[in-house]
Structure formats: structure tokens, C-alpha cells
Amino acid sequence: MKFYLDSAIYEEIAEGVKWGVIDGVTTNPTLIAKAGRDHEEQVKRICGIIGNVSAEVVSENADDMIVEGRRIAKWHPNVIVKVPLTTEGLSAGKVLAGEGTRINVTLCFSVNQALLATAIGAYIISPFAGRLDDINEDGMRVVADIVSAYRQQNIKTKVLAASMRHPMHITQAALAGADIATMPFAVLKQLFNHPLTDAGQKKFLEDYRKTQEAKPVKSSAEAAAKR
Ligand code: E4P
């Protein structure tokens with residue numbers, strides 16, 4: 001399973017890229033607003049350091065979404081155009097996918113919606129697990145069911161587990177067979193943490209330092225004689 005960052009904050013993304021663990025980024029209008037930067041400028045900046053960057057259309061009908069999607073797709077070859085799982089969004093997504101643009105269908109909450117996205121040639125489907133949990137439904141069950149339906153139907157659209165709220169979601173997404181999980185920077189950082197790792201590393205370094213301190217100090221004459 002690939003890790004994507006669910007963020008439009010350049011500094012966070014640059015940090016994740018430096019750690020070597022992320023393969024892409026998902027943005028949405030809310031995340032762009034949080035970053036406080038111009039949409040195009042910020043997406044281009046992010047595309048400069050990482051591939052697979054989803055950028056979402058904000059038009060309200062299919063024709064406008066097609067025009068907007070074409071414009072976004074030209075920003076950078078790393079861009080994946082995100083369309084909503086509505087009749088207008090899928091209609092626009094079909095045209096854009098037909099032109100060779102990679103499409104991420106967002107705001108998916110059911111297996112049937114995920115099947116509709118495959119019908120228009122979506123590259124990615126994004127089921128929102130956390131938002132289903134928020135309304136007392138089992139979000140990860142929906143992710144697992146989409147993976148299972150896609151496998152049975154031999155569908156190649158990638159399942160991207162979205163709306164991840166905590167590290168357990170990431171484990172569950174991997175066990176469900178998701179191709180990708182996108183997560184906030186705070187969740188990515190939490191994945192690294194384990195008290196036994198911290199304690200183990202502390203002890204290793206302490207023991208190494210002890211061996212260094214215990215080493216006899218050679219005089220420069222002794223060292224020269226040994227050469
Ligand atoms: C990603 O593509 C989604 O837009 C994002 O994961 C939604 O997350 P949220 O439910 O925390 O807003």
C-alpha cells in the first residue's frame with residue numbers, strides 16, 4: 001500500500017518526501033484554503049517535489065468541470081484531476097479520462113458508487129472512511145468491500161482509502177487491501193512512533209558510547225609504531 005499525504009501545506013509535504021515514504025498527495029478545496037495559497041501556484045509547487053498530486057475541480061456542471069479539468073491537467077504532468085461522485089462529476093470525468101487525464105473520483109461512500117467510477121475509467125476511487133465513521137457507519141468495511149468487489153470484477157481502478165483519522169485506520173486500510181491510503185501529516189508522523197523503538201535506540205546508543213569511553217587512549221607514538 002502506498003502512502004499519500006492529505007495536505008496542501010508545502011512544508012509538510014517536503015518533510016514527508018525527505019523521509020522517503022510518500023508517493024503522492026491529495027488536495028481538496030478545504031485543504032487548499034487551509035494552505036492559504038493560490039490553487040494553481042500551490043499545486044505546481046507540490047508537483048515539483050512529488051508525483052501523483054490530486055487537484056480537485058470546483059465547477060458545478062459537467063461542461064465547466066471539463067474546461068476546468070483540462071486547465072488543471074495542463075498545470076503539470078504529475079497532476080491527477082479530482083472530480084466529485086455526482087452525475088456531473090462522472091460525466092466530466094469520462095470525457096477527461098478519454099483524453100488521457102488520470103481521474104480521481106472523490107466523495108465515495110458506497111460500493112455502488114465505486115462501481116460507477118470504474119465505468120468512466122477512473123484511475124483512483126476515494127472512499128471516505130472517516131466521514132462514514134463520523135455518522136456511525138463502518139467506513140473501513142466499505143473500503144474492504146470495494147476492494148473485494150474490484151478484485152472479483154478484475155477492475156484496475158486503484159482504491160485510495162481517504163478521510164483517515166488515526167494510525168489504526170492505516171493498518172485497517174492495508175489489511176483491507178487498499179492500494180493507497182492518504183493521511184494528514186500528523187497521522188503520518190504517528191506511524192513512526194513506538195515506545196520500544198525509542199527505548200531500544202536510546203539503549204543502543206548508550207552502550208555504543210560506553211564502548212568508546214572504555215577504549216584505551218593510544219599515545220601518538222604507539223599509534224605511529226603500529227602503522
Ligand atoms: C482526500 O482525498 C479527501 O479529500 C480527504 O481525505 C477528506 O478527509 P476529511 O474527511 O478528513 O476531510
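Each ligand, and each atom within it, is numbered from 1 in the order the structure gives.
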Under 3.5 Å side-chain donor-acceptor pair for Ser163 and Arg165:
yes
Could you establish whether Arg165 and ligand 1 come within less than 4.0 Å of each other, counting only heavy atoms on the residue side?
yes
Is it true that atom CZ of Phe204 has more than 12 heavy atoms of other residues, nucleotides or ligands lying nearer than 6.0 Å?
no
Applying side-chain contact (heavy atoms from CB on, under 4.5 Å), can you list everything that pairs with Leu196, at least two apart in sequence or on another chain?
His194
Would you say Gln42's side chain and Ala8's backbone share a donor-acceptor pair under 3.5 angstrom?
yes
Geometric N/O contact Ser126 with ligand 1, under 3.5 angstrom:
no
For atom 2 (O) of ligand 1, what is the closest protein heavy atom, and at what distance to 0.1 Å?
Lys82 NZ, 2.7 Å
So for ligand 1, is Thr106 a polar contact partner (N or O within less than 3.5 Å, distance only)?
no
If the plane angle is over 60° it's perpendicular, under 30° parallel, otherwise tilted; pick one for Trp19 and Phe185.
parallel
Tell me: protein heavy atom nearest atom 7 (C) of ligand 1, and distance?
Phe128 CE2, 3.7 Å
Of the protein's non-hydrogen atoms, which lies at the shortest distance from atom 4 (O) of ligand 1, and what is that distance?
Asn28 ND2, 2.7 Å
Looking only at protein heavy atoms, what sits closest to atom 6 (O) of ligand 1 is Asp6 OD2, 2.6 Å
Report the residues that fulfil salt bridge (Lys or Arg N to Asp or Glu O under 4.0 Å) with Glu11, sequence neighbours left out, ordered by chain and then residue number.
none
Cluster check Leu160, Val187: I/L/V/M/F/W/Y, side chain < 4.5 angstrom:
no
Closest protein heavy atom to atom 8 (O) of ligand 1, given as residue, atom name and distance to 0.1 Å:
Ser163 CA, 3.5 Å
Ile72 to His39 - nearest heavy-atom pair and separation
CD1-CE1, 4.4 Å
Shortest protein contact, atom 12 (O) of ligand 1 (heavy atom only):
Arg131 NH2, 2.8 Å
Within the structure, does Thr182 bring an N/O atom to less than 3.5 angstrom of an N/O atom in ligand 1?
no
Under 4.0 Å from one or more heavy atoms of Ala162, ligand 1 contributes atoms 1 (C), 6 (O)
Backbone, side chain, both or neither: what part of Met164 comes under 4.0 angstrom of ligand 1, heavy atoms only?
neither
